[in-house]
Amino acid sequence: MNTLARKLIFICVSFTFIAFSAITVASPVIKIVMEGPFEENYDKVNQSLDANRFFVIFEPNIGNSLTYFKERWGDEYNQNGYEEIQSLVFCNPWYVNQIINKDPEMAALCPLSVTLLHKNNKTELLFIRPSQIKPDSPAQPLLIKLEGDIVNALEQARMED
């Protein structure tokens, strides 16, 4: 095989590896961006989770809690300039039961949460993908379905206008 052919094969293999490496390695965090006022986006997400049988059990206002440290942290405080930082902590009893039946260690997922970061009229929804936590779990098919159902609920909230 001549040098040109080797270089061509090397380039093709390298390109294929680079092109597909981003596809095969999924981020453990899903980010969905919503436009508009925070309160409206927050309500849409809350209502969509509920409509999809993910029951919100706690609504921590993380940004409000952080303000207590503003003076103490000085320049280290909220360097990204978020106007709102809140979470919705939720659970679906059926999924909890089914996942615990398959893999009791995955009970650590309950409750789940979505964090909302807001600035400049944009709200980022951040959700840790259950399927990425323990890929070899006996509950993996359920974790994939759970993840899909939650992402679907978050996408429904984003599409609602």
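From a predicted model like this one, the values you see are computed outputs, not experimental measurements.
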| query | For S87, which residues count as a side chain to side chain donor-acceptor pair (under 3.5 Å) partner, sequence neighbours excluded? | reply | T115
| query | In terms of ring plane angle, is the pair F90 and F54 parallel, tilted or perpendicular, where the classes change at 30° and 60°? | reply | perpendicular
| Does a sphere of radius 6.0 Å around CG in D75 hold more than 12 heavy atoms from other residues, nucleotides or ligands, not counting ones at 6.0 Å or beyond? | no
| said: In the structure I gave you, are the side-chain heavy atoms of P28 and R129 within less than 4.5 Å of one another anywhere? | reply: no
| query | Is there a side-chain contact between L126 and L116, using heavy atoms and a 4.5 Å cut-off? | reply | no
| task | Mind listing the closest non-hydrogen atom pair of P138 and D103 along with its distance? | result | CD-OD2, 3.4 Å
| said: If I take atom CD from residue E39 and atom OG1 from residue T123, how far apart are they, to the nearest 0.5 angstrom? | reply: 8.5 Å
| Can you tell if the side chain of V89 reaches within under 4.5 Å of the side chain of P60, non-hydrogen atoms only? | yes
| query | Do the ring planes of F38 and Y42 sit parallel (below 30°), tilted (30 to 60°) or perpendicular (above 60°)? | reply | tilted
| Non-hydrogen side-chain atoms of Q140 and S131 separated by less than 4.5 Å | yes
| said: Does atom CD (E59) have a neighbourhood of more than 12 heavy atoms from anything else shown, all under 6.0 Å? | reply: yes
| Value rounded to 0.5 Å, distance of CG in N120 from CD in E35 | 10.0 Å
| query | Within a reach of under 6.0 Å around CD of E71, are more than 12 heavy atoms found that belong to other residues, nucleotides or ligands? | reply | no
| task | Apply side-chain contact (heavy atoms from CB on, under 4.5 Å) to the pair E40 and D43, showing each step before the final yes or no. | result | CA-CA 5 Å; E40 289 178 20; D43 288 343; 5.9 Å; no
| K102 versus A139, closest heavy-atom pair with distance | CB-CB, 3.6 Å
| Are the side chain of N92 and the backbone N or O of R53 linked by a donor-acceptor pair below 3.5 Å? | yes
| message | I'd like to know if M159 and L49 are part of one continuous hydrophobic network [Ile/Leu/Val/Met/Phe/Trp/Tyr, side-chain heavy atoms within less than 4.5 Å]. | response | no
| note | Value for CG (N41) from CD (E160), rounded to nearest 0.5 Å, stands at 10.0 Å
| field | Hydrophobic cluster membership, Y77 vs Y68, 4.5 Å side-chain cutoff | value | yes
| message | Using side-chain heavy atoms (C-beta onward) and a distance below 4.5 Å, is I133 in contact with L109? | response | yes
| Student check: side-chain heavy atoms of V45 and R158 closer than 4.5 Å | no
| request: Look only at the side chain of S48 and the backbone of A153, and say whether a donor-acceptor pair between them is shorter than 3.5 Å. | output: yes
| Is the backbone N or O of I128 less than 3.5 Å from a side-chain atom of Q132, with the two atoms forming a donor-acceptor pair by type? | no
| remark: Nearest heavy-atom approach of S137 to M106 is OG-CG, 3.7 Å
| request: For Y95 and L112, run side-chain contact (heavy atoms from CB on, under 4.5 Å): C-alpha distance rounded to whole Å, both residues' side-chain angles, the deciding distance at 0.1 Å, then the answer. | output: CA-CA 11 Å; Y95 271 115; L112 295 157; over 6 Å; no
| V56 vs D50, side-chain contact (heavy atoms from CB on, under 4.5 Å): CA-CA, chis, key distance, verdict | CA-CA 7 Å; V56 175; D50 190 62; 5.9 Å; no
| Is there a side-chain contact between I32 and E155 (heavy atoms, below 4.5 Å)? | yes
| field | Pair K119 + E83, salt bridge at N-O below 4.0 Å | value | no
| Salt bridge or not for E124 and K31, using N-O below 4.0 Å? | yes
| message | Between W73 and L66, is the side-chain contact (heavy atoms from CB on, under 4.5 Å) condition met? List the steps. | response | CA-CA 10 Å; W73 293 341; L66 292 177; 3.8 Å; yes
| said: Could you go through Q156 and N52, starting from their C-alpha distance and side-chain angles, then the distance that decides it, and tell me whether this counts as side-chain hydrogen bond (donor to acceptor under 3.5 Å, both in side chains)? | reply: CA-CA 10 Å; Q156 285 175 17; N52 285 276; 3.0 Å; yes
| task | Measure across V96 and C110 and return the closest heavy-atom pair with its distance rounded to 0.1 Å. | result | CG2-SG, 3.4 Å
| L142 vs L146 side-chain heavy atoms within contact, under 4.5 Å | no
